[in-house]
Number of protein chains: 2
Amino acid sequence: MDTEFAELLRDRNLKATPKRLELLSVVAKYNSAIPYSELQKSLHHFDRVTLYRTLNALLDGGIVHKASVSNEEVYYAMCKHYCSSEGHHHKHVHLKCKECLEVSCVEAKNTIVIDIPNVEIDNVEIEVQGTCSKCL
Amino acid sequence: MDTEFAELLRDRNLKATPKRLELLSVVAKYNSAIPYSELQKSLHHFDRVTLYRTLNALLDGGIVHKASVSNEEVYYAMCKHYCSSEGHHHKHVHLKCKECLEVSCVEAKNTIVIDIPNVEIDNVEIEVQGTCSKCL
DNA sequence: TAACAAACGCAACATTGTTGCGTTTGTTAA
DNA sequence: TTAACAAACGCAACAATGTTGCGTTTGTTA
């Protein structure tokens, strides 16, 4: 009788502690990427260091990922299945809507190809600012 | 008898003070995007707050821009001519080389088109991690 | 060159990152 | 089921950076 989150954690050799399960539940329930300040608010009973270390553990484990938006607040969202402790492999784009201010992970319609002469590309992170479909 | 930098500043209604000119000179001389720690080192005689406010003034004025690299250190680089106090409009990509660790602004060979259904896109920021031409 | 607004230095406080260490707890094997 | 260990947690403490207020200095303009 294991929850899905506990399984996720143990798969990465992380103990399924109540704190981690609670944090995951908060991140997953949020309908878009959750800003750090919201995490603090929802988890105000967490010690500051515990939140810090728990987030780091989940980031390292490829369970959640950061979406930094133009050097402002940091947002967190659940990873897709293809992330692991080996690394993050997101194929989506982080969109920050200027109307509702929400940050979401969206799939681009086209395949994004970036070709830079004489450069070997390992990973690409794309941040888009604009207006989301809800607000249009 | 105005330097190019002084002109840049006055165009944005910013006073051409020695501090600002010195900071611009440091940023411009650096062969790639300069990390914040390097700025501090080169400008250790600046008050911490002065560096902070000077950078903000130049960022707001569209004279320099930030290149944040996966939530690590922040890098700064000179803007191109088409940036102004109205906003930044970069068409380049920020590349962090995993070998030399340098961050540079490079032009992509192809036009980067990102199409997301029902989303109106204003601005796109792209961060690439890989190996630069020098290190290949 | 005088006068004003902007820029600067200093002090002070807030937020977040980061580490050490003693205690608590999840996990595993007996 | 439980004992034992390693991991996770809370607390204290310190570092780095962000941010604001205020009095003084300085660039700009008339």
Side-chain angles (χ1 to χ4, degrees), chain A residues 1-27 34-61 63-76 85, chain B residues 1-27 34-61 63-76 85:
Chain A
M1 193 231 70
D2 246 7
T3 69
E4 187 189 350
F5 292 151
E7 213 173 306
L8 264 181
L9 287 163
R10 299 213 187 84
D11 280 354
R12 270 82 171 180
N13 286 317
L14 296 171
K15 290 184 179 173
T17 67
K19 305 261 162 189
R20 286 173 177 170
L21 295 173
E22 189 179 354
L23 191 150
L24 282 175
S25 145
V26 169
V27 173
I34 188 169
Y36 181 71
S37 60
E38 274 301 317
L39 273 180
Q40 285 184 305
K41 208 181 297 175
S42 299
L43 304 170
H44 57 273
H45 52 293
F46 275 36
D47 183 83
R48 200 170 67 82
V49 177
T50 300
L51 179 53
Y52 167 72
R53 286 201 259 236
T54 304
L55 276 172
N56 276 350
L58 300 183
L59 288 169
D60 286 349
I63 300 179
V64 302
H65 66 276
K66 278 189 188 181
S68 70
V69 181
S70 51
N71 305 104
E72 290 158 24
E73 192 163 12
V74 178
Y75 291 71
Y76 296 89
S85 46
Chain B
M1 194 230 71
D2 246 8
T3 69
E4 187 189 350
F5 291 153
E7 212 174 306
L8 264 181
L9 287 163
R10 297 211 188 86
D11 280 354
R12 271 82 169 181
N13 286 317
L14 296 171
K15 290 184 180 171
T17 66
K19 305 261 163 190
R20 286 173 177 169
L21 294 173
E22 189 179 352
L23 191 150
L24 282 175
S25 146
V26 169
V27 174
I34 187 169
Y36 181 69
S37 59
E38 274 299 318
L39 273 181
Q40 285 184 305
K41 210 181 294 174
S42 299
L43 304 170
H44 57 273
H45 52 293
F46 275 37
D47 183 83
R48 200 171 67 82
V49 176
T50 299
L51 179 53
Y52 167 73
R53 284 202 261 236
T54 304
L55 277 172
N56 276 350
L58 300 183
L59 288 168
D60 286 348
I63 300 179
V64 302
H65 66 275
K66 278 187 189 182
S68 70
V69 181
S70 51
N71 305 104
E72 291 158 24
E73 191 164 12
V74 178
Y75 291 71
Y76 296 90
S85 46

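Keep in mind that the numbers below use all heavy atoms, side chains included, and drop hydrogens, waters and symmetry copies. Letters A, B, ... are given to chains in the order of the sequence lines, protein chains preceding strands, and every chain is numbered from 1.
For the pair A/K19 and D/dG10, the criterion of a side-chain N or O lying under 4.0 Å from OP1 or OP2 is met. Dashed line: the shortest gap from a side-chain N or O of B/Q40 to OP1 or OP2 of D/dT17 is under 4.0 Å. Between B/T17 and C/dC8 there is a side-chain N or O to OP1 or OP2 distance below 4.0 Å.
Between B/Y52 and A/R20, the residue anchored nearer the 5' end of DNA chain D, judged by the nucleotide with its closest heavy atom, is A/R20. DNA chain D is contacted by both B/Y36 and B/P18; B/Y36 maps to the nucleotide lying nearer its 5′ end (nearest heavy atom per residue). Along DNA chain C, the nucleotide nearest to A/V49 and the one nearest to A/S37 differ in position, and the one closer to the 5' end is contacted by A/S37.
Here D/dA7 presents its P atom at 18 Å from CZ of A/R12, a figure rounded to the nearest Å. Rounded to whole Å, the distance from NZ on B/K66 to P on D/dT17 is 12 Å. Summarising the geometry, the separation between CG on B/L21 and P on D/dT28 is reported as 9 Å, rounded to the nearest angstrom. Taking atom CD of B/E73 as the reference point, atom P of D/dG18 lies 11 Å away to the nearest angstrom. Protein atom CG of B/L51 is 9 Å distant from nucleotide atom P of D/dG18, rounded to whole Å. Taking atom CG on A/N13 and atom P on C/dG26, their separation rounds to 17 Å, with Å as the unit. With rounding to whole Å, B/L58 atom CG is found 12 Å from C/dA7 atom C1'. Spacing between atom CG of A/L14 and atom P of C/dT27 amounts to 11 Å, rounded to whole angstrom units.
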- Worked verdict on A/L39 versus A/L55 for side chain to side chain contact (heavy atoms under 4.5 Å, CB included): CA-CA 10 Å; A/L39 273 180; A/L55 276 172; 4.0 Å; yes
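The minimum heavy-atom distance linking A/F5 with A/L21 is given by the pair CB-CD2, 3.6 Å. What you find for B/Y76 and B/K66 is that their closest heavy atoms are CE2-CG, 3.5 Å. Residues B/L59 and B/V64 share a closest heavy-atom pair of CD2-O, 3.5 Å. Considering all non-hydrogen atoms of both residues, B/T54 and B/T50 come closest at OG1-O, 2.6 Å.
For A/R48 against D/dG10, no side-chain N or O and base N or O form a donor-acceptor pair under 3.5 Å. On a pure distance criterion of 3.5 Å, a polar donor-acceptor pair joins the side chain of B/K15 and the base of C/dA5. Counting distance only, with no hydrogens placed and no angle test, the side-chain atoms of A/R53 and the base atoms of D/dG10 include a donor-acceptor pair under 3.5 Å.
Ionic pairing of B/E38 and B/K41 is present here: one or more N-O contacts between side-chain nitrogen and carboxylate oxygen are shorter than 4.0 angstrom.
Residue contacts for A/A16: at a heavy-atom cut-off of 4.0 Å it reaches the sugar-phosphate backbone alone, with no base atom in range.
With D/dA8, C/dC8, D/dC9 as the candidates, the nucleotide lying closest to the side chain of B/T54 is C/dC8.
The partner of D/dG18 is C/dC13, by the rule that a Watson-Crick or G-U pair needs both atom distances under 3.5 Å. A 3.5 Å limit on both hydrogen-bonding distances identifies C/dC4 as the Watson-Crick or G-U partner of D/dG27. Summarising the base pairing, C/dA29 is matched to D/dT2 through a Watson-Crick or G-U wobble pair whose two defining distances lie under 3.5 Å.
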